[in-house]
S.K.: 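Have a look at this one.
For ligands, and for the atoms within them, numbers begin at 1 and follow the listed sequence.
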Amino acid sequence: MKKFLIIGAGFSGAVVAEQLSKTPCEILVIDERSHIGGNCYTERDGNTGVMVHKYGPHIFNTDNKEVWDYIQQFCEMMPYVNRVKAEYNGNIYSLPINLHTINQFFGKTLNPNEAKEFIGTLGDKSIAEPKNFEEQALKFLGDDLYRAFFYGYTKKQWGCEPSELPASILKRLPVRFNYSDNYYASTYQGIPRDGYTAIFERMMDRPNIEIQLNKKFDQDFETSIYDHIFYTGPIDAFFDYKYGRLSYRTVYFERGEADGDYQGNAVINYSDPQVPFTRVHEHKHFTPWEQHEKTVFFKEYSKETGEEDVPYYPKRLTEDMQKLALYEEDVKKLTNYTFLGRLATYRYMDMHHVIGEALTQVKNYGVNNK
Ligand code: UDP
């Protein structure tokens, strides 16, 4: 019978484990943390009873019907629309930038066509091909909106000038010329009724899946007994950082409690550069179907990832991409390994990307091994 080792119990590892478990095989999933679920881990807060996204807010959204159908085998997805507000210079605005934001910010009453034309006049025409985050914003929005909603926030979140970041990061955020304040443009969106951890439990509760927690993978780990190994940890850690560390931003949280409702919304971003945190999340608003007298909220701060920190956002600066290319060459020389997920491929991925790619990887593995 085939034996598989899966390193990491986040979505990549859990999807691979779940899919492979339908075939005759034995699967060992290891994770260095004390819990499954990776950064999607949720738990009930002891003091308030609120379901807390321990590593920051996770709102499931996707255009991929296969992924949407897949995840709902393991949870009841409750309808949820993420509506984010931004505080800037003493005002609360609506995000992503939409007609309400534009009219409020400039003190106007423009309709969609007028707003499109108006914003068109603000954009920097001298930028033909935006080469970075800043140029992308200046080309399409002009200086005032860029300074208000992107410059300060991005500098805090990424710890560098937005001109050093790829334009692709900004492309994650739409600008709307109507009043839609849905943060995502995805076809499907929701929050699992029982939190994310329950999804992972249901996915991996199989007789042929063994999970070992608090188990770190290193080069001394006995791997020769496995037919194939799926690695979802950091790619640089796998090779003991021999070409150097890839840079990530990490986030950390300051917890607060209040009675009732603290801020009236799940997420409020703080775009002023002098406010030290990037955003505040109040998790009871992610489960509007639940009732809680008290509330718990988290101020989110961002910093460079130290050796003991959880890596969150791959920075993908030029020097990172050069190191990544070297690591990827070494991955190609391994015969019975698949590297997948955000950390093992060093990419900015949402949950639905991770799940979609893991499903494809298992299919590819099956095809190659028939
Ligand atoms: N961003 C910003 N202002 C905001 C929200 C986002 O400048 O109020 C920038 C920031 O650089 C961030 C990027 O847009 O990294 C993508 O935002 P998104 O909300 O997708 O980030 P994530 O969900 O990964 O935290």
S.K.: Are Phe339 and His228 an aromatic pair, judged by ring center distance below 6.0 Å?
M.R.: no

S.K.: Identify, with sequence neighbours excluded, every residue that meets side chain to side chain contact (heavy atoms under 4.5 Å, CB included) alongside His53.
M.R.: Thr42, His58, Ile191, Tyr196, His283, Phe286

S.K.: Please lay out, stage by stage, how Phe4 and Leu28 fare under the test side chain to side chain contact (heavy atoms under 4.5 Å, CB included).
M.R.: CA-CA 6 Å; Phe4 296 111; Leu28 173 63; over 6 Å; no

S.K.: Among Leu326, Asp320, Thr318, which residue meets the side-chain contact (heavy atoms from CB on, under 4.5 Å) test with Gln322?
M.R.: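 That would be Thr318.
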
S.K.: Once ring-ring contact (aromatic ring centres under 6.0 Å, His included) is applied, do any residues pair with Phe200, and if so which ones, sequence neighbours excluded?
M.R.: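 With neighbours one apart ignored, the set is Phe11.
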
S.K.: Enumerate the pairs of nitrogen or oxygen atoms, one from ligand 1 and one from the protein, separated by less than 3.5 angstrom; state names and distance to 0.1 Å.
M.R.:
residue, atom, partner, partner atom, Å
ligand 1, 3 (N), Phe149, O, 2.8
ligand 1, 7 (O), Phe149, O, 3.4
ligand 1, 7 (O), Phe150, O, 3.4
ligand 1, 7 (O), Thr154, OG1, 2.8
ligand 1, 8 (O), Asn269, ND2, 2.8
ligand 1, 11 (O), Thr154, OG1, 2.9
ligand 1, 11 (O), Trp158, NE1, 3.2
ligand 1, 15 (O), Trp158, NE1, 2.9
ligand 1, 19 (O), Tyr183, OH, 2.5
ligand 1, 20 (O), Arg172, NE, 2.7
ligand 1, 20 (O), Arg172, NH2, 3.0
ligand 1, 21 (O), Tyr348, OH, 3.2
ligand 1, 24 (O), Arg172, NH2, 3.4
ligand 1, 24 (O), Tyr348, OH, 2.4
ligand 1, 25 (O), Tyr313, OH, 2.8

S.K.: What residues, two or more places apart in sequence or in another chain, satisfy ring-ring contact (aromatic ring centres under 6.0 Å, His included) together with Tyr153?
M.R.: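 Partners of Tyr153 under the ring-ring contact (aromatic ring centres under 6.0 Å, His included) test: none.
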
